[in-house]
Each structure stands twice: as structure tokens, then as C-alpha cells.
Amino acid sequence: MWKNQNLAWRRRVLRSLGRAAVLFAFALGVHGAEAAGAPRDASLEERVTDLEALMNHTAPAAVHRASRVSVNAGDHAWLLTSAALVLMMTGPGLALFYGGLVRSKNVLSTMMHSLFLMALMSVLWILYGYSVAFGEGNRFFGDPGQHFLLRGVGAAPNLDYAGTVPHQSFMLFQLMFAIITPALISGAFAERMKFSAMVLFILLWATVVYFPMAHMVWGKGGLFNWVLGGAIPALDFAGGTVVHVSSGVSALVCCLVLGKRLGHPSTPMPPHNVVYSLVGAGLLWIGWFGFNAGSALNAGALASAAFAATHFATAAAALAWAGLEWILKGKPSALGLASGMVAGLVAITPAAGFVTPAVGLLIGLLAGAACYFAVTKLKAAFGYDDSLDAFGVHGLGGTLGALLTGIFADPEVNPALASTWKAHGATVSLAGGFGQFLHQLKAVAFAWALAMAATYLILKAIDALIGLRVSEEDETLGLDLSQHGEGAYNT
Amino acid sequence: MWKNQNLAWRRRVLRSLGRAAVLFAFALGVHGAEAAGAPRDASLEERVTDLEALMNHTAPAAVHRASRVSVNAGDHAWLLTSAALVLMMTGPGLALFYGGLVRSKNVLSTMMHSLFLMALMSVLWILYGYSVAFGEGNRFFGDPGQHFLLRGVGAAPNLDYAGTVPHQSFMLFQLMFAIITPALISGAFAERMKFSAMVLFILLWATVVYFPMAHMVWGKGGLFNWVLGGAIPALDFAGGTVVHVSSGVSALVCCLVLGKRLGHPSTPMPPHNVVYSLVGAGLLWIGWFGFNAGSALNAGALASAAFAATHFATAAAALAWAGLEWILKGKPSALGLASGMVAGLVAITPAAGFVTPAVGLLIGLLAGAACYFAVTKLKAAFGYDDSLDAFGVHGLGGTLGALLTGIFADPEVNPALASTWKAHGATVSLAGGFGQFLHQLKAVAFAWALAMAATYLILKAIDALIGLRVSEEDETLGLDLSQHGEGAYNT
Amino acid sequence: MWKNQNLAWRRRVLRSLGRAAVLFAFALGVHGAEAAGAPRDASLEERVTDLEALMNHTAPAAVHRASRVSVNAGDHAWLLTSAALVLMMTGPGLALFYGGLVRSKNVLSTMMHSLFLMALMSVLWILYGYSVAFGEGNRFFGDPGQHFLLRGVGAAPNLDYAGTVPHQSFMLFQLMFAIITPALISGAFAERMKFSAMVLFILLWATVVYFPMAHMVWGKGGLFNWVLGGAIPALDFAGGTVVHVSSGVSALVCCLVLGKRLGHPSTPMPPHNVVYSLVGAGLLWIGWFGFNAGSALNAGALASAAFAATHFATAAAALAWAGLEWILKGKPSALGLASGMVAGLVAITPAAGFVTPAVGLLIGLLAGAACYFAVTKLKAAFGYDDSLDAFGVHGLGGTLGALLTGIFADPEVNPALASTWKAHGATVSLAGGFGQFLHQLKAVAFAWALAMAATYLILKAIDALIGLRVSEEDETLGLDLSQHGEGAYNT
Amino acid sequence: MKKIEAIIKPFKLGEVREALLDLGAVGMTMSEVKGFGRQKGHTEIYRGSEYTVDFLPKMKIEVVVGDAVASKAVDLIIKAARTGKIGDGKVFVSHIEEAVRIRTDERGEKAV
Amino acid sequence: MKKIEAIIKPFKLGEVREALLDLGAVGMTMSEVKGFGRQKGHTEIYRGSEYTVDFLPKMKIEVVVGDAVASKAVDLIIKAARTGKIGDGKVFVSHIEEAVRIRTDERGEKAV
Amino acid sequence: MKKIEAIIKPFKLGEVREALLDLGAVGMTMSEVKGFGRQKGHTEIYRGSEYTVDFLPKMKIEVVVGDAVASKAVDLIIKAARTGKIGDGKVFVSHIEEAVRIRTDERGEKAV
Ligand SMILES: Nc1ncnc2c1ncn2[C@@H]1O[C@H](COP(=O)(O)OP(=O)(O)O)[C@@H](O)[C@H]1O
Ligand SMILES: Nc1ncnc2c1ncn2[C@@H]1O[C@H](COP(=O)(O)OP(=O)(O)O)[C@@H](O)[C@H]1O
Ligand SMILES: Nc1ncnc2c1ncn2[C@@H]1O[C@H](COP(=O)(O)OP(=O)(O)O)[C@@H](O)[C@H]1O
């Protein structure tokens, strides 16, 4: 009785809030539909077995019978912590890392790329992004309306994705990835893209590149999903193809389509505040523990392994980059060290939960060296103006990591590798080797192709529609003033 | 035998430390009085039921019988993490957010407001603050001596407040709230208040406003406590009235009593470093997950719901503020986006554990818009100089959030709403609606009244005693040099 | 079959990577050798007892029988979070704290000291550092080859060190301590040491001071280990002797051997950016919760106690330092407050898990005052140039804390104190008192002696070999340009 | 033409600018400088080491004007910048031989 | 000797420097200044309070040259600094009585 | 009166100040500038792009003194600022027609 009145009241309030409210009221009405049935009796032994399962980070067998406990608080604590860490990577982490690298007249606009996306991507996510990425659908994307306003995403774990934590927390954790990925691209078009064009670009890019890629690699039934029935099982622990290849390759297209910054390369454009970039790099390293070890989706041994591989790869890549500078240029630079860190973090991302710390170290060394040469030689050779090296670090580092994952994936680190392999027959080997290398290659190639084609088309469309670049005058004045009407530093 | 010698030795050492030591020795002596009796036998079934209870974030029934396990490590991990996150909101979060907004000659004094309170409030807390807030007492405040030097606050959970984590950790988590609340006020009197007056003001304000408000809303038997027997059950998940209304309204009184900064409004006083403010805002967003999702006091489904509502409200409010700027001023600013974030975080605070993500989004939209107009129109219309908009954002955002909580609170998100409601009879509805709206209104009105009256009286008293404002000369020179004898930037 | 092919393939790839690969292949081959035997049957009661044990943060008795669950996810979540927090202390925490204190021409080189060590120490750790510190060996150091490339450090808990989390996570947590300790020293030689000499120095110092000290105090069978059979049981919860005495005393030797900075003390060398230092101090405070409360190695009551003692000591020390400035100099400074925080954090480190919050407060007060006088009077009296007061704060604060731990250690806070005490007979008392004070004194004296002797010899050797100091010209130009070829700030 | 250099207290910048605008000046150039003079500096303390900062933040305004208005300009600046307290600053006047507007190549008084 | 002071748009610094080098100048000194002139400033908004920034960032180049090359130098600077848009800046020339190279104590035109 | 402008190496500021004080100067004004000269700049590298920084940080000291002491002042400054290494800087002397102390309206040599 009262409840109905209550709902009616709420509806009255909402109606007065205009058209948008219709959507909300709908969502409010359907919320929580997934309530579980009343628990049936379970024997004491079953109950103990259920507890043991949960403490081993597996959904209790009891879930379809009479689940008394469904969330492992330790797993959940780690997942929530990780979600916070991953968001911290974008703001303030990436915002500072990128913001320090540009000239002082563009620092706010560059940070805005990251900070605005924290808001924008969250809204896309709740509207259709999560549905496209993790809803049920075909092998390319999920049903865009399935989780509209997050209906059906509640307290109960989603057994397909993360059996011991609330589905809602899994959704939140994944959102943080959807936020940082497009923000990474912004390194390529910093200091010259119109803010309105940036917003439109990311909106479309997320819709046709990120959400589908996430579905293909991590979504149930996705083309490249290695545990939930993908035709081409590709290993991507925390986002080598989904996050780094997709963003890094799109970044390359961005700087090619937008063209160079005024004055590049004749005028030097050194970072206006390297301290910011070092702080940003530090926060990225810390936050990346949430990114990679959080991708275990529980606080078990796999999280530990991913944490370790991440850490040693990062250390090794930092030493590789700074060491090469030392050898080749005579001095190791702080920015070089920080760049190496990021390169290592990128390359270990797809591999983190599949390889030993020693292999992590090796991947880091290779990534540090490869990205160093990409940024110093390749960019110079081809002459594109990748302002903050989004392609050199994320595109190439991600590609390298994704391919090496195929070679070094180790069932002793991640036992799921062994079992899945058998399920797929002898020709499919997930535990490293040439077979898996080919799967990785296909997934990477697909990600390259999708990112290049989609980015190119979207940019061309936006250019025709509203223009991509700010005017020469605005670029000279700086984007902070011309796009946002504010200056970062005043006395 | 030896133990007595040991105590004697300790006392000897302590005595030599002067009069203060007497208090300490007393505290040392009584510490740990709450040791549990020896466990009595429990059946295997009882033991399993106890484990299940604990894993479901409830204190085992066994606690009065033969508790073998009393802390859920997952809940505890999340609570400790949250406590750290909430402290991070004050230092460096708020310190940077506020510090960036002032002129460079006042940045240290502004950061000092936050950092000094991290120390000061902690000492008040251990002396009497925690006792007043969470001790047993009347409906307005707890017995100030009950937990002197934290006696009686030990390893065993306090079943009234948080049944699956050590009482001590609950106390720590709550302390972090007591730290940030007065620090929020400092935005109103920045750039002109004497440091000594600030210290005295906060000391008194915390004593007569914060600790009692916390008791009334969250303390056992408090007037507005909705689960532990309050006469006017008001919902305040993580501090809408306790934290934001109380600080924001007091902020308004502060800027009215102190008067404008020299030169305001004819001389523009733009932020000296917007980058700092953006970093601060990012850290506030991250830290607020600890604030709101930590307020679930465990790592269960409620933490997940609070995390989600917080996140989407913040994103929506940021878009609302920046969007309004874009529409009305032609350009969305980075500082506007960041201000919107804070507005959303504030408004969702009382509602976080009671509403769905979709409602969170709605609250965020409303808060972003409301605070935008408060800061741009209201302040200009009334002409007070709220240096950093503590009232416009915290006072109004907090009020809005507290009232909306009454409307949108949803028992499907927080089942406790339904059960408590029944316990209070049909006239009392906690699950949203007009009845609850009235309760919220009363609590908010009470908080407004208390904050206004107390702040006014305290300020007047201090003004008479030692003066509130620095001299004109000191204000011109800057508070960093005049109050603290140091300059922030040197070459 | 396939597995062999797979290994062969991996080896083929690796061989082509040159000589280094031999080491890796070896490590890869032996990885995971510690696989447990198949579980034998356990009764239901045993299984419940095992779960209870684990939830009480103790390894299940079952581990040698038929362990079904071996990791407490809550404990693990807290340990991983703590590891991330401790790394954050170094980068960006310490990097910012120290970086702000130097002149702008040396900020990158100073931050580089911290950031480079994040990479360097990690590599030493995986090669032999962890083995020397925590491997089995004699009372002074562990077998350097035991855990080469982390073999034998896997998912299973190490029952000697941390029974409810993966051994690998314990190793990671300890690594973060090995990173920050040498970074602390850098405060003493900032603004004048050659980068190459710094690298060589830390490499040797970690090898002969840090890893052995960690073994002696925390390693199984170490000379000063109080729970695993040390001859002189010294209490050092989170690193009073291991971290702060060792680094602080070495810092003193460094500034004596290197000599003063050009212009010291006639030319004032004020911090170039106090804001950075305040942010750094804030991050240190937050991160230190991981350092100290994480050192409980689980999320039980001890973590709560360590968290509380840490927090109140820090608050008290900050007030003590700023208060002394207020009384003696007329103004409390922001940098003074921050310095007090660090002093409190340092002094409570050895005591954190052994003392009550009230005693924490007391230790903080003493540490704040003691370090204040060390930095203002002692340094001036002796005239050494400890650029950033690494000795005054860490050397003296650590010594004070380590000694006070002997006096105030309380079995009601840490029950292990009582039990171990009995095991050693009546003459050995771990629970505070004169007996334990003597043990502490011995350990501290040993740490002083080792740090002084080793640091002196290493520095002299490096000076002879490649020289310790940059040229006068380079020092005048600044280390950022002369050592790293980059400037922090550009327009 | 004359170049007037005025070293003033920073917070007086607005008033001096207004005064010059009232005079009809259409251009001026300003820079942040540090001044040493009778106004004694302040003491700062960093971790116990106390030292005096003698150089205080000042603002330097440079304006080139025609000979005719120079002395009027000086008077106006002085009036606007004065607080009567020590440290108010100085005005220096010197001769400028040539002035050119870069945009148009106009020379002499037309250019200022 | 003459002192040439040129107030230019910051991004023109490189070109002006090249021009002076071409002339054979071996030294110059540059500082960041803020200019007020016909080029109107821009509006900034912080949390709803809008205000005009009249002083725009400019670069001041000071170069002391021998009398012989002064007018040539002025012309080169003007050419290099011109965009033709308002706000291009000014050049002022004044007389220098003595110049000394600190290192060698050389005086006069040898010193510049 | 004469204006002495000295462009010196930043770390020599203290000594130059002392020298001027010894002479009896009671005021001076200082600013941070960047100098280009024979002293070659240094190379910086950011992510592989190497470039030369030609403009080095210098300190400019301006002091207006009576005609009588001008040459003495120049000598003292030179002595104090010299390291003998390239890049020591320059001193320029020019004529000042009028000086005014804002606070008191004192004019001429009394004002400096
Ligand atoms: N002889 C001088 N040459 C150059 N600048 C001067 C000279 N005397 C004073 N100044 C400048 O004028 C400022 C104010 O001078 P000061 O002696 O403090 O005050 P007052 O002129 O009111 O006595 C100084 O800080 C300095 O910048
Ligand atoms: N009379 C003046 N004295 C000193 N500086 C001037 C004067 N007039 C102009 N300036 C400087 O020249 C700059 C450009 O002048 P402005 O009037 O904006 O452009 P334009 O010379 O192209 O008309 C100004 O910003 C200011 O720094
Ligand atoms: N002709 C000039 N005009 C203005 N400033 C100059 C001139 N020549 C040199 N300087 C300034 O003097 C500084 C030192 O000059 P430099 O040629 O490097 O050394 P040195 O005078 O010892 O040969 C330069 O960095 C520049 O700031």
C-alpha cells in the first residue's frame, strides 16, 4: 500500500523533472529484479564446502541451491580498492603525466582531456556502454539496451565474470578501464584539437571501438574470449589489445589526420613541468597494481602473480630506457626513466596474470628498449607529431606485450590456461607457444585494423562537420585560454 | 611479579615526563579492560553459522557465547583502506584543491588549514572527541570522558556500530571525517584569518558543533539516528548534515563575520595554480570512495551500491556544471568541471548507500546545476566573499543531497530501510517519500540552526578575545609570510 | 609431450636473447617446484577449524594434512593494498617531499634518487636481495642464491613469515621497504652527488647494509629476530633499526664524507616549492598506514592497533614541532608541521604494533620535539650539511623510537609479546622494561655501527674509483642539467 | 621621448595603470622585479635556519611617452603609487632617441 | 653605443634572435614582461567571476650595439617580429654611455 | 645621475649586492633575465628530441647612482661579479634625467 504511494510520489517528483525522468523512472521500477529465491536447505557439509569455495575465490556451488553467503569480502575489498586505483590513474595520474609534458599554455586543456572523460565515459557506460561491452549479444558486441541505467546489475555476483563479488562492483571496475583508454589517446592530439571535436570524437570512438573491443575480448561469447567461448581465444589479462593497442593505434591516426603542431619540429616544445610528469608516472605505477592485479577479480594467488609481474616489468623497462639514454646520449634522464616505467606497465598489461616475475622482467626489458627506439627513431623517421608519444608507448608497447603473452603464458602461473587448453583440443594451446602466438597475432591485427579504420572515418566525419583543429591564432594563444577561458598560472 | 616491576618502571619513566604523564599512566592502566571471557563450547553447526554470519558482514550470534572468530578480514581491509583514503582527501586532496585556488602568497597558509587540522583534530578525538560523538550519553552528545585516551576502544568489534571489524578501526575511520569537516570550512575564511584565531575557532567549533552533530546523527541514542533509536530518524549515509551542511553553513557565517578580502571584488583574485586544484579534485573523487563506500563499514553489497551512486553522481554533476558553462558562457572550464565534481560528491554523500546508480546520476545533475547557480549568481547577488565557495558547494550541495535522500531512499538498495521502517510503525517511513522528507528537513534545519548560532557566537568571542583577521599590512604581504614566516616558492 | 615442446620453444626464443637468457631459462624451469601434495581427507570439524584459523589470520593446522583453503582474501587484500601504499611513499611521496626542498635546478635529480631506486632495488631484489634478507642462512644473512629470480616464492604462504597470504605477496611487500630505505638516505647527499656514484653507492649499500639488516631483524634465524629464534630478541615492528636507523645514520656519514654544498651555509638555500613538500608529507602519512599497519601482514586486530598508534604519533609529533616553532620562533610553519609529521611517523615505526594509541601519542610528542632540536640545534652545532635532514629525522627519530619500543611494548596490544617472553625464560622480557630496553639498545648500536662503517668504506672506495661529487661548475649549473640533461621547468 | 620607469608596490599596479590611461597613454610594459632599499625585508625560517629576504617583490612599469607629457605622467604615477609608507618605490626618467611601432613601422612620438 | 629594447610577441623570439645573429650581434638579454596596449586582452572566468586580463605576455629583448649598426639592427628586428596584427610590439632606442665586459674589463664598443 | 645595468651570473648576486652596499648604495632593483652570448648554452633532451638552450639564466641588477660615484660603482660591480670564465656578463651605463622617490616626492640625487 504505502509502497505504491511511495512509488507514485517518486514518479510525481520525477515527472516534473522533464523528459529525462521517464528514463529514470523506468530504471527505478525495474531495479533489483534479480532477487534470489528463498534458500533451500543445505547440509552442514555443503555449507562448509560452500564457504571453502568462496574463500578460494570461486562461487559456491550452492548458488543455485541455497546460497547463504555469496560475496567474499576480501575479494571485494581488493576489487573496490583496485577500481579506485584505476580511476586514480586517469585523474590525477595521467592528467599530470600528460599535463606536465605540454607547454604551460595548454596544461589545463590537456588535463581536461583526462578529467572530462572521467565524467563523459561514466555516463555513456550507464546508458549503453556496459551493455555493449558485457551484455549478452553476438561475438562483436552486446545488446546495447540490456543494462540500461544498470538494470540487472546488482548485488548478486555475475557468475560468468566474477563469481565472488557483486556484479555492480565488476561493472564499476570495468568502467575505470573504459575511462582511461580514450584518455590515453589524447596524448596524440594534445595542444591542437578543438575541445568540442575531442568530445564528439571520444563519444563515437568509445561506441564503435572500445565497447565492442571489450566485448570481443572480455565479454561472454566475444570473438577473442579465451574462457567464455571465443572462436579465436586470445589472452589479454588486463587490456593489451583492448586498452593499449586500440588507443595507441588510434593515437597514430589522430596525429596523422590532425597534422603537426604549429612550429613542430623547428621550435622546441619541451615539457613545461617535468615534476608533474614524474608524479604522474609514479601514480600510474601505483594505480596499475589495481589495473593488473585487480584484473584477477579477486584477492587470490593470481592477483599476487599479476602484481609481481607488473612490478618487475616496470622496473626493468625503466632501467632499459634510462640505461639506453645513458649509453647512447651520455646521461640518463628523469623523463626517460618515467617513460620507461610507462612502457613497461603497458607491455606487461596483457601478460600480467599469465607469466612469472622473471618473464615479467624480460618483457619489461624488451618493452623499455622497443619503446625507446620507437619514440626516438621511428617518430623522427616518419615525422608524425605524436605530441606525447601515445602511439610509441601504448601502440607499440601494447602490441609487443600482447604478442609476447602468447609466447610466455604459463599454466603454472595461471592454472586456467591448462584446463581451457584441453577443452579446445590439441590444436589450440593457450599455454604459450606458436599456436597461441597466432591467436594473439590475429587479435592484435584485428585491433589495429578496427582502430585505424574507425578512427580515420570518425575524424574525417567530424572534420567535415565541425572541424578538428583550433585556429592558428587559438593555437598560438594556447588552448587553455581559447578553449576553456582560463589560464593555469596566475600571480 | 615481573609485570608489576615493569609497570612500576613504566610509571617511573612516565612520572619524569611531567604532569601530562599522569593522564597517560591512567590510560595505560585501564587499557584492554574489555577482554572477552573464555569461549564456551559451540556445536559444529553453530560454528558454521557463525562463519556464515561473519562472511555476510554480520556479527556472529556467537559473540555472547563462544566467539572463535570476530573480525571479517575483508571488511576490515576495506575499512582500513577507506580510512586511509578519507585522510588522503584532506591531505593532500583538499589542501591542494584549496591551495591552488588562492593567490600564491597565501598557498601555504591555506594548505596549513587542512594539514594542521589533521593533527589537531586527532588529538581532540583521542581526548574527548570520540567520546562525545560515539560514547553513550543523551540524545545530543556522548559522555566526554568515556573513551578518554581511547580506553574501551580495542580489538573487539563494537556491535552497535560495526559488528565485523575492530572497534578501534571504526574509531579511526570516523576520525578521518572529523578531520575533513572543519577543514572544509577553511575555504570561506582563506586569505584573511589569523592562524591563532583559526586554531581556536576550530577547537571550539568541533567541540560544540561537529562532535555533537555526529552523535545526534550517527551515535547510539542520538536524536536523528535512524537505526539506533533516534526520535527523528534522519538518513545520512556518509555525512550530508554532519559533514557538509554543518561545515558549509558555518562557512557562510565565517565569511559574513570576517568580511571581504581586501580588494574584493574590484581586484580579480584568480587561482594561482589551477593544476593543483585539478589534482586536488581528482584526489577528492578517489578518496570519496572511501568516504561513501567505506561508510558501509564492511565490504558487502552496500559498499558496492554506495560506490556506484557516488561515482555516477560525480560524473553527472561535473557534466552539469561544465555543460552550463558551455551553454551560458560559451566555454566549459577545467575548474568548472572540477567544481562540479565536488558538488556531486557532496550531494551524494548522504544518499550514497540508499539510492540506485540511476538516482545517483539524477542527484548529481541537480547538484551540479544548483551549486553552479549558487556560486555564480547567489554569491554575486548577496555579495559575501566566500573565498573558495565552501558554502555554495558544501552548504547548498549538502542540503540538497540530504533532502533528496528522503525522497529517493530505496529499500531495494539498502534493505535496512525496510526493516527499520516497520519497527517505527506506519507513520515513520524510512524508504523515501514525504514522511521521510520531513524527517530530513528537520535534521537539516537543526544542523543549519546549530551551525549558524554556534559559529556566530564562537567567532564573536574570539574576535573580542584575540581578533579574527590579520592586519591590512599582513593581508597585503600574504599570510604565508605574515602567519608562518615562509614563502612557498623560491628560486 | 606438448609441454616439453613448449618448453623447448620457450628456450629457443630465450637463447636468442643472449647470455642473460640463460639465467632466465633456469628460473623458468624451476618455477613452481613447491607444488603441494594432493590433499588427504579431513573431517568436517577439521575443515571448520581450518576455516576459523584462517579467518583468525593464522595458517590452518591443515596445511600439512589436506589444506583446502590457504589464503585469507581479506588479509591478502590488505597486504596488496599496503604494498601499493608503501611504494607510493617513495614515488611520488618521498620524491615530492625531497624534491620540493631543494633548489629548482636540482629538483629532477633529487626526484630521480627516489624514482631510479624504485627500479634498481627491484632488480637487486629479484636477483639476490630477497634471498639475502629472507632466505635461510646464518644469523647475519640468508643464502644469496636461494630465491634467485624468485624461485620458491609462489602462491603458497610462507608459514614462517605470513601464514595466510601468498609468499609472493609477502616478498612484494618487503620489496617496497627495500626501495624506500636507500631513497631516504638521498636527502643527505642531495644537490651535489654524481648520479653514477649514487647508483654504485646504493647498490653496494643495499647489499652489505640493508639486506643483511633485514635478515638479522626480520629473517628466520636472524640475530635480532624476536619470534624466529634470534639470540638478541629486538622488537622492530616495521623498521626502526632496519629502515630508519640504518638509512639515517648512513645519511650522516654521507654528508660528512661528501662535504657541504657550495655556498653552504652563507647562501640561503630555501626550498624551491614548499607545496610539493607538503603534498609529499601528506602522501607519506597516508602511505605509512601501509608501512606500519601492513606490517601486521594481515587484516586483524594488530593492523588496527598499528594504524592507530601510527596516526596518533604522527599527529602529536606534528603539533610538537609546529608548537615549538610557535613558542620559540613566534610562528608555526607549514614545513615545520610537515617535518613533525615525518618525525612522528619515523619514531612510531618500530613501536606501531606493540603500543597503545596513548603511548603512540606520547612517542610522537617526544619524537617531534627531539627531531626539532636535532635539526635546528644539533646540525648547527656540528655544522654538517645534511641537505634535507635525513639524519636529524630518520637517524635520531628511528633511534628514539627503537629504544622507546623496548619500554612501552605491551602484550595487551600484541599478545605475541607475552608468549615469546615465556619461551625465553624470565630474564628475557619482550613486553617492555629494562631487559627489553637493553636488547633494543644492542640492536640499535649494532645498526649504527654497521651503517657507519659500511657507508664510510663504500663511499671512500667509490670516491677513489670514480669520484663522489660533481664538479663545482656542474653543481653551480645544477644537477638536473649536468647529470640528466634536462631542466624541470620550461615555458 | 622619455622613458619613465616606475618601481612600485605590486598591489598598486591597478591604480597606476588607471592613472596612465587617464593621461591618454595607450601602451605600457610591466615586469616583476625584486627591490632592495630602505624598506627592510622579512625573515624566513626553513627547518631552523633563519635568513633575511632583502629583496622584496616589486612591479616595474615602463612607459615611453612624448616629451610634452612626461612630467605630467611622472606626477600622476607618483600620486597613484603612493601609500606614504617606506618602500613605495622610485620613478626614473631617461631619454629615448627613437621609437618604432613594429606593426606599422611608424616612428617617433606617433609610435608610442 | 645604443641600447635597443624590443617588446615582441613571445613566439617571435626565435626569428628575432636569428635576425640579430645574422647582423653579427654576439649577445643579447631577454626577459618575460607583460604588455598593455591596443591589442585588447582576453576574458577569463573563474567560478563565475569574469574578468579581463589586459596585460598580455610579451618578450623584451635588450641588445646593446655599436652606433654604426643600430639602425640596421632596428630594421632587422622589426622585420623579424612583424606579423602585421595588432600587438606586434615596439622598439625603443636609447644612448648607452659605457659598456664593460665583466670578464675582461674591456670597455666600449669592444665590450658589446 | 647614471643608471648602471649589470647582467651577471645568478650566484654572484650576493657579492654584487655587498659591493654596492659597501659603496653606500641604499637601493637597487633586480630581475631574472635570460642571456645569450659567447657562453654557449647547453643541450637538453626530451624523449629523444635534442635541442640547444641558448638563453641562460642571468640576473640583471639596476642601480641608479649619482654621477660622482658611477664609475666607482661600475668597478666594484665588475670586481664582485667576475669569475674569469666566459659568461660573466656585461655592465651598461646610461644617463638618467630625473629620479623621484614616490613616498616623499624628493627629486634628483636625493632620491636615489
Ligand atoms: N638607487 C636605486 N636604483 C634602483 N632601484 C632603486 C634604487 N633605490 C630604490 N630602488 C627601488 O625602489 C624600491 C623602494 O625603495 P625603498 O628604499 O625601499 O623605499 P623608499 O624609496 O620609500 O625609501 C626598492 O625596493 C628598489 O626596488
Ligand atoms: N608607450 C609604450 N611604452 C612602453 N611599452 C609600450 C608602449 N606602447 C606599447 N607598448 C608595448 O607594446 C606592446 C604592443 O602594443 P599594442 O598597442 O598592443 O600593439 P601595436 O603596437 O601593434 O598597436 C604592448 O603590449 C606593450 O608591451
Ligand atoms: N650586446 C649585448 N646586449 C645585451 N646583453 C648582452 C650583450 N652581450 C652580452 N650580453 C649579456 O651578457 C651575458 C654574458 O655574455 P657572454 O658573451 O656569454 O660572456 P662574456 O661577456 O664573458 O664574453 C649574456 O648572456 C647576455 O645576457
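Every chain is numbered from 1 and lettered A, B, ... according to where its sequence line falls, protein lines coming before strand lines.
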| field | Candidate pair E:D88 and D:R101, rule salt bridge (charged side-chain N to carboxylate O under 4.0 Å, His left out), full reasoning | value | CA-CA 8 Å; E:D88 271 353; D:R101 184 187 310 278; over 6 Å; no

Would you sort out whether E:K2 and D:E98 count as a salt bridge (charged side-chain N to carboxylate O under 4.0 Å, His left out), showing the intermediate values? CA-CA 10 Å; E:K2 301 293 173 203; D:E98 178 66 296; over 6 Å; no

Give the intermediate values and the outcome of salt bridge (charged side-chain N to carboxylate O under 4.0 Å, His left out) for residues E:D75 and D:R107. CA-CA 11 Å; E:D75 290 346; D:R107 308 254 163 168; 3.0 Å; yes

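Atoms CZ and CE, on E:F92 and D:M1 in that order, are 8.5 Å from each other to the nearest 0.5 Å. Of the inter-residue distances, the one linking D:I102 atom CD1 with E:K79 atom NZ reads 14.0 Å to the nearest 0.5 angstrom. Distance check: D:T29 OG1 to E:F55 CZ gives 8.5 Å after rounding to the nearest 0.5 Å. In this structure, D:T104 OG1 and E:I78 CD1 are separated by 9.0 Å, a value rounded to the nearest 0.5 Å. Atom NE2 in D:H95 sits 9.0 Å away from atom OG in E:S94 (nearest 0.5 Å). Note that NZ of E:K60 is 12.0 Å distant from CE of D:M30, once rounded to the nearest 0.5 Å.
Contacts with chain D were tallied for E:I86, E:V74, E:T83; E:I86 has the most, counting heavy-atom pairs under 4.5 Å.
The side-chain contact (heavy atoms from CB on, under 4.5 Å) test with E:F36 is passed by exactly one of D:L20, D:L21, D:V26: D:L21.
Heavy atoms closer than 4.5 Å to chain D are found in both the backbone and the side chain of E:K90. Contacts between E:I77 and chain D at a heavy-atom distance below 4.5 Å are absent for every atom of the residue. Residue contact with chain E, scored on non-hydrogen atoms closer than 4.5 Å, involves the side chain of D:E62 exclusively.
Residues D:R103 and E:R82 share a closest heavy-atom pair of O-NE, 3.4 Å.
For the pair E:K34/D:E32, no side-chain contact is recorded, criterion being any heavy-atom separation below 4.5 Å from C-beta on.
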